[in-house]
Amino acid sequence: MSQQFRSVVRGVGKYVPENEVTNVELSKTIDTSDAWISERSGIRARRIAPRGMTTSFLAVEASKKALDDAGVSAKEIDLVIAATLSPDYFFPGIGSLLQHKLGMNPVGAFDIRQQCSGFVHGLAMADAFIRSGQARKILFCCAEIQTTIMDMTTRGRNMAVLFGDGAASIVLEGIPIASDAERPRADNTVRGVIDNITGGDGGGAENLVMRAPGTSSPDFINAADIEEGRRWPHMDGQTVFKNAIMRMTEVAETLLTRNGLKPADVSLMVPHQANLRISEMVRDKLGLPPEKVFNNIHKYGNTTAATVPLCLAEAVEEGRLKQGDLLLTVAFGAGFTWGANLVRW
Ligand code: COA
């Protein structure tokens, strides 16, 4: 049998722009209020990148910290995965820019476009590369500057108040498995990714979508796309809300059950940070106490692909996620896409 590997998270790092904008400050330029935003979403502030700051800049800063935390040099990385819906360029993706800016060897570097499910899908992919022996040290970065792609005026307020900018990275290492006992499983204490589920239903695409630029526009993007608002994201908030609760609960339960676990066995759940009410409803449906769920949406809003690793970085900093803990991550996003990962941290 060929050599097998387990995927261990060696390091985590985050970077958020310094500029914090509270709900009160936002309501000076958008017809909204602190009460409307915080009661419906739990968000109190978000970070907004200065004009001209790029997503790859955030990605580089977060990745340097993750590499430092892992004690791994950029030259040791043999695969880069980046998750973003707000890249510097339409193409190439930020994975290539990250590889170059960090002075890495000419290794594979690709972007995935899984929106708010970027982390859970990307971790499943990174784990598959490691398990198959195709990569031994992966830099996986989730980064977004969304405040430039949103309509940050009253017209776009249903989305503008919910999103923020930020980045977080993890470094994964493939550790050779010598025997079956060294494989991470729910019933042992071996570190590594235990299991992943990725799900999707493209029937939900029109409920959370940015139509232009894209080939749905005859010119990819033209003046009418700009004038008629197709260059801004569109969201049917209530449909997204209901589907997020249903799919996140369902995928978490399926992943736990197929590994012989109950929610109570989990040390920490990190849900995607779209709305505190969504996280709390998923938590209630799973029957988890508040101390077993990590949220930081009040500080950053929804940073799309970056929410889960931003939580991981802060959970580690705060001592709420420690080596040996059983971690459940779960997310839902545009596509629709959803997924979950079970990790012995
Ligand atoms: N400030 C003040 N009023 C606002 C507003 C804002 N930022 N945005 C919308 N409104 C208004 C609407 O115009 C509407 O007014 P009307 O009743 O006069 O028409 C009213 O508030 C209610 O809007 P509605 O969209 O029904 O609110 P809601 O209770 O459904 O909450 C969301 C809206 C967006 C907070 C909620 O639907 C949600 O969180 N959805 C999921 C979003 C999500 O998770 N997205 C990312 C997925 S990964």
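Only a predicted model underlies this, so the values are computations on that prediction, with no experimental measurement involved. Counting convention: from 1, in listed order, for ligands and their atoms alike.
With sequence neighbours left out, Asn105 forms a side chain to side chain donor-acceptor pair (under 3.5 Å) with no residue at all. For Asn23, the side chain to side chain donor-acceptor pair (under 3.5 Å) partners two or more places apart in sequence, or in a different chain, are Asp34, Arg46. With sequence neighbours excluded, the residues forming a ring pair (Phe, Tyr, Trp, His ring centres under 6.0 Å) with Phe336 are Phe332, listed by chain and number.
Residue Gln273 forms a side-chain hydrogen bond (donor to acceptor under 3.5 Å, both in side chains) with just one option from Thr303, Thr307, Asn295, Thr304, and that option is Asn295. When each of Asp165, Ile48, Thr84, Leu162 is paired with Gln146, the side chain to side chain contact (heavy atoms under 4.5 Å, CB included) condition holds for Asp165 and for no other. With Val171 as reference, Ile77 is the one residue of Ile77, Asp69, Val9 to meet the side chain to side chain contact (heavy atoms under 4.5 Å, CB included) rule.
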Do any nitrogen or oxygen atoms of ligand 1 lie under 3.5 Å from a protein nitrogen or oxygen, and which ones?
from, atom 1, to, atom 2, distance (Å)
ligand 1, 1 (N), Thr32, OG1, 2.7
ligand 1, 3 (N), Trp36, NE1, 3.2
ligand 1, 7 (N), Thr32, OG1, 3.2
ligand 1, 7 (N), Arg157, O, 3.2
ligand 1, 13 (O), Arg157, NH2, 3.4
ligand 1, 21 (O), Trp36, NE1, 3.1
ligand 1, 26 (O), Gln238, NE2, 2.8
ligand 1, 29 (O), Arg40, NE, 3.2
ligand 1, 30 (O), Gln238, NE2, 3.1
ligand 1, 37 (O), Gly237, O, 3.3
ligand 1, 39 (O), Asn275, ND2, 2.6
ligand 1, 40 (N), Gly237, O, 2.9

